[in-house]
Every structure is written in structure tokens, then in C-alpha cells.
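The structure presented is a predicted model; accordingly, all values stated were derived computationally and were not measured. To find a chain, count down the sequence lines: A is the first, B the second, and so on, and within it residues start at 1.
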Number of protein chains: 2
Amino acid sequence: MISDVPETLPPDLPHPARDELELTQVLFALSDPVRLAVVREIASGPLEMVNCAALRPDAPKSTRSHVAKVLREAGVVTSAPAGRCRLLSLRRDDLEARFPGLLDAVLGPRPSPIDDGAPTES
Amino acid sequence: MISDVPETLPPDLPHPARDELELTQVLFALSDPVRLAVVREIASGPLEMVNCAALRPDAPKSTRSHVAKVLREAGVVTSAPAGRCRLLSLRRDDLEARFPGLLDAVLGPRPSPIDDGAPTES
DNA sequence: TAGATCGTTCGATTATTTTCGAACCGATCG
DNA sequence: CGATCGGTTCGAAAATAATCGAACGATCTA
């Protein structure tokens, strides 16, 4: 027997394919300080939205969701369901394939493992 | 003798200094197709606004001027008076110093002198 | 000097984005 | 099951950006 597909099937969010990424959309997504901060934060690895400091935890949920949406629709991040949360990941490979060097340039100089920015003891 | 500065001294337009360039502003300036096309066009050398095809010559002057203004205020281009015209130049050095690699990434692969994009004869 | 050219600025209108509450949904936990 | 948690969606309202005509200024040219 063929089980009916439930009317309310899990509508996972739409992500543009690699070859659909538009440079101007990507640049626009990165042109906002909050969104750029999110990208910087997940540059070191995927992160659940709920644990993302750049998405101000005190801000209204709908605002946080909107930030993620712009990044997702531009193809900058993927947003995957993970338990109750959503896991944000940077689409490094897709961005690099489509716009080589762009992400590195936007993320800026890689923080050296030797200098973490903390004050050194004299 | 000290010549009086005329009341109506040539009010040359304000340009941000190199160290005042903001990444988000630059990205925003580049995130519009028309503005990006202007940048691509002057990438090969300075160009008078009047001769810039990306600034649709048929569009109202005030719209054309506004496009140039956003690019100028973001620090992407300089706009220098040149006779009756204004000469737009890409601020390559400043952008490279401040955001290394960004411009190259945005401009994309340099068109090879061998392959100019024209269809090859079979 | 007068006219034409190129571009800026201002103000008004329109279009696009952002923000946020409310309603809702699935997953988890008691 | 019922409550809570994390997040989306849908309006509507506010903020921001784009568009364009009109007025102006400076430069060149006749």
C-alpha cells in the first residue's frame, strides 16, 4: 500500500544550486554587518542558529530567521534541520567554484594560530 | 599677495580615505548590477562618465550621477573633474591594500588575450 | 558673451529591505 | 499527551534606497 504523502510534508528550505549563484546577490548578502558577522562566525565550522552569537540571541526570532534567509537564498549558507535546531554551514566549495577567491578576500587574513589576538604576557 | 579664495570654490566631491573604506559599504556598492558593470568597464582604465556605457547614456542625468555617487562614497572609484566631464577611475591600490584579493575576485577571471570570448571558427 | 554640454544637488515619489508580533509547525522532554 | 523550545511564515509598519524632473554650476565653443 502506498502511504499518502502528508499534506504538511517537511518543507525543507530552498537553496539555490551552485550554478544558480549570482555574484550580485552574494555581494548583497555579505554587505550587511550582521550577515557578514554570521558568515565570519560559521567560517570556522557549522553552527546551530541558536548558538550563533552574531544572530543576536535577544533579537526577535523572526528577525533572526530573516537574516538566515537572505544568506541562504543568496547561496552563501546552507540551513539544515538538526533536531530542533538548524545547522548553518558556509557553502565554501560552491562559492569558491563560482567566485574563486571571493570568500577568502571577504573573510580577510586568516587569524594566525600563533597570534590569537589575546594580549601577550610580558 | 594672497589671492582671495573665491566664494564658489570648486567643490570637488568627497572621497573617503583609504583607511576609511568599509568592507560592507564596498560590498554593497558592488552588489548592484549597474554599478558592478561600471566597475568592470573602468577596470581596464579610467573612463569619462559620458563615455561609460554601463551608465546607460539614455538614463536621466540624476540617476547616472547617483550611481557614480554610491561608488565614490564607498571608495570604489574616484571621480575627478576633467574639462566638462568627470573621469572615473577604479581605486585599485586602495582596495587592494585594504581588502586584498577582493577586486580580483569580483572582477573574475582575467579575459585571456588569446581567448577574447568570440566564437571560434570550426 | 551666449549656448550647449556634462554633471551635481535637491525634493518628491516609488520600490525595496528591515523589523517585529502573531500564528503556526516539528522535535524534544516531562 | 501537553508544554517548551527553535525556527518559519505571514502581514504590516518603519527605514532605506532608487528614480527622476527641475534648478543650478562650471567648462568649453562659437
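- Per the geometry, NZ belonging to B/K69 stands 12 Å off C1' belonging to D/dA18, to the nearest Å.
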Fill in: Base versus backbone protein contacts along nucleotides 15-24 of chain C [heavy-atom cut-off under 4.0 Å; B, S, -]
--SSBBBB--
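- Alongside B/F28, the hydrophobic cluster contains A/F28 (criterion: ILVMFWY side chains under 4.5 Å).
- Nearest heavy-atom pair, B/A17 versus B/R91, reported as atom, atom and distance to 0.1 Å: C-NH2, 3.9 Å.
- In this structure, B/D12 atom CG and D/dT27 atom P are separated by 11 Å, rounded to whole Å.
- Side-chain atoms of B/R40 come within 3.5 Å of backbone atoms of B/V106 as a donor-acceptor pair (strictly under, hydrogens ignored).
- Among the nucleotides C/dG7, C/dT8, D/dT9, the one closest to the side chain of A/S65 is D/dT9.
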Item to complete: Assess whether side-chain contact (heavy atoms from CB on, under 4.5 Å) is satisfied between B/R35 and B/V76, documenting all intermediate values.
Response: CA-CA 10 Å; B/R35 293 191 298 253; B/V76 175; over 6 Å; no
Within the sub-3.5 Å range, which N or O atoms of nucleotides 28-30 of chain D have a protein N or O partner, and how far apart are they?
{"residue": "D/dC28", "atom": "O2", "partner": "B/R84", "partner atom": "NH1", "Å": "3.4"}

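- Residues of residues 39-55 of chain B that place a heavy atom closer than 4.0 Å to DNA chain C, in numerical order, are B/M49, B/V50.
- The heavy-atom pair separating B/P16 from B/A74 by the smallest distance is CG-C, 4.2 Å.
- As a whole-Å value, the separation of B/R64 CZ from D/dC20 C1' is 14 Å.
- As a whole-Å value, the separation of A/L27 CG from D/dA17 P is 16 Å.
- When the P atom of D/dG25 is taken as reference, atom CG of B/L13 falls 16 Å away, rounded to whole Å.
- At a threshold of 4.5 Å between side-chain heavy atoms, the hydrophobic network of Ile, Leu, Val, Met, Phe, Trp and Tyr places A/V70 and A/L87 in two separate groups.
- Sorted by first and then second residue, the side chain to side chain donor-acceptor pair (under 3.5 Å) pairs with a member in residues 17-34 of chain B read B/R18-B/D94; sequence neighbours excluded.
- For the pair A/R86 CZ and D/dC5 C1', the computed distance is 15 Å after rounding to whole Å.
- Proximity of a side-chain donor or acceptor of B/E41 to a complementary backbone N or O of B/C52 within less than 3.5 Å is not detected.
- Listed by first and then second residue, the side chain to side chain donor-acceptor pair (under 3.5 Å) pairs involving residues 57-76 of chain A amount to none (not counting sequence neighbours).
- A side-chain contact (heavy atoms from CB on, under 4.5 Å) with B/L71 is found for one member of B/I42, B/V38, B/V26 and no other, namely B/V38.
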Fill in: B/L95/B/L102 under side-chain contact (heavy atoms from CB on, under 4.5 Å): CA gap, chis, key distance, verdict
CA-CA 8 Å; B/L95 290 168; B/L102 179 62; 5.8 Å; no
